[in-house]
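Letters A, B, ... mirror the listed sequences (proteins, then strands); counts begin at 1. We use all heavy atoms of the structure for the numbers below, so side chains are in, but hydrogens, waters and symmetry mates are not.
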There are 2 protein chains.
Amino acid sequence: MRVPKKERQRLLQETIEHNPFIKDEELSKQFSVSIQTIRLDRMELKIPEVRERIKHVASEHLDEVKSLALSEVIGDMIDLKLDDSAISVLDIEKEHVFSRNEIARGHVLFAQANSLAVALIDDELALTTKAEIRFSRQVHLGERVVAKARVEKLRRDGRTDVTVESFVGEECVFNGEFTIYRRGEEEQA
Amino acid sequence: MRVPKKERQRLLQETIEHNPFIKDEELSKQFSVSIQTIRLDRMELKIPEVRERIKHVASEHLDEVKSLALSEVIGDMIDLKLDDSAISVLDIEKEHVFSRNEIARGHVLFAQANSLAVALIDDELALTTKAEIRFSRQVHLGERVVAKARVEKLRRDGRTDVTVESFVGEECVFNGEFTIYRRGEEEQA
DNA sequence: AAAGAACTTAATACCTGGTACTAATAGCAG
DNA sequence: CTGCTATTAGTACCAGGTATTAAGTTCTTT
């Protein structure tokens, strides 16, 4: 029931990490020590009180809401010439990778490329109808992917061919041909 | 500066909604009334105290973390025979669609299909190397997409061909051929 | 103008989950 | 036994409230 100090502090750290809502009193029961001991432990480990922990979790939440709204286009658009070419940048973070090997999921790279291809189209409605894509190299956590899109052909039937190539540094990691359907304002349903 | 009760309560509601972290004291300054008035207002409007509000925001956050972790596979897997076939279901919600026309983004359907194809592979490492996809019908907010994946060919070189077809009701809305690279445990880098 | 209702402010006791500090005690090594 | 670490106890104080009672202040309505 009762473990030595070092071990207890390790467990305390873990416990709080995975349940930031837990109060000192409950912790003291869990480790069979006094509430003061828990407080000394928190001090040594620089773990703030429960209200501060909760506040922190909550404010992270607000940040995320903002960044989700930004993800209309996945990645940051840094250049856009409508019906011509566009470039976006995406930093690969935890939520983009498989946890077991930290390699970016295919649909993340696809999403960046697809969003860019759609954003490139200067019309009211733009939807992907077809794509042919290749993943030529694994992309790892922390790497920065630069996607470059270029309009290849504006067809008469309202379809546009766009090619996208994505790079990490000099290396091409992904490329694809997209066919985008478009429709102007006047023809809306 | 000073507004009538009804108006003040409306503004109070809004203010707290978009900044749940605000304390009664600050609110009382903002509306030029006493702190007690703010508290009466909160009671009438059944708005809890600041700590409870923060707790609520934070716990929503934890829910999201869980559901993000679940999104290893996008959509719910309802059937899986490794190296053979699999089925997943995805309900199209707000975050999946373009806000202007409520049509699902292409990369959402791709993500469902791609995740399913990867999950199908019975190996340590599985990555998409190539895909050819077609979007045959628009998918709208609220619709339920059922994706069916089937292994077509297990090649000797460690690549596997998988086809995925996605349906809304009887209608095929998406289909694609994926080539998945795989590697067993013994060959890991 | 007087009465009454609705609204606002004040004052006080109490609560939770702490901080900050001081002091006492337990357990063990040299 | 001395000295040291670890633990426990106790007290004063704080923020941000709840809950309650009481006392104004408006505004309206007759």
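As a whole-Å value, the separation of F21(A) CZ from dG17(C) C1' is 15 Å. For D24(B) and dA10(C), the CG to P distance is 15 Å, given to the nearest whole Å. Per the geometry, CZ belonging to R39(A) stands 18 Å off P belonging to dT22(C), to the nearest Å. Spacing between atom NZ of K6(B) and atom P of dA6(C) amounts to 13 Å, rounded to whole angstrom units. When rounded to the nearest whole Å, the span between CE of M43(B) and P of dT21(D) equals 13 Å. One interatomic measurement links the two molecules: CD1 of I38(B) to C1' of dG17(D), which rounds to 14 Å at whole-angstrom precision. When rounded to the nearest whole Å, the span between NZ of K55(B) and P of dT16(C) equals 12 Å. When the P atom of dC15(C) is taken as reference, atom NZ of K23(A) falls 16 Å away, rounded to whole Å.
With respect to R134(A) and E177(A), a salt bridge is recorded, a charged nitrogen being found less than 4.0 Å from a carboxylate O.
Looking at heavy atoms from C-beta onward, V145(A) lies out of side-chain contact with H96(A) at the 4.5 angstrom threshold. No side-chain heavy atom of L120(B) sits less than 4.5 Å from a side-chain heavy atom of T160(B).
Here the rule is side chain to side chain donor-acceptor pair (under 3.5 Å) with T179(B), and of T129(B), T128(B), D161(B) only D161(B) fits it.
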Could you please spell out the steps behind the salt bridge (charged side-chain N to carboxylate O under 4.0 Å, His left out) verdict for E49(A) and R51(A)? CA-CA 6 Å; E49(A) 61 170 291; R51(A) 294 162 191 138; 3.0 Å; yes
Can you check side-chain contact (heavy atoms from CB on, under 4.5 Å) on K5(A) and E44(A), steps first, answer last? CA-CA 11 Å; K5(A) 186 180 175 183; E44(A) 285 180 27; 3.2 Å; yes
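Judged by distance alone with a 3.5 Å cut-off, a donor-acceptor contact links the side chain of R51(A) to the base of dG17(C).
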Given protein heavy atoms under 4.0 Å, the one-letter contact record of nucleotides 5-12 of chain D, with B base, S sugar-phosphate only and - none, is simply -SBBBB--
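In terms of phosphate contacts, R42(B) brings a side-chain nitrogen or oxygen within less than 4.0 Å of OP1 or OP2 of dT18(D).
Proximity note for E49(A) (side chain, C-beta onward) versus dT19(C), dG17(D), dA19(D): the nearest is dT19(C).
Annotation: cation-pi pair K55(A)/F21(B) absent, no NZ/CZ under 6.0 Å from the ring centroid and within 45° of its normal.
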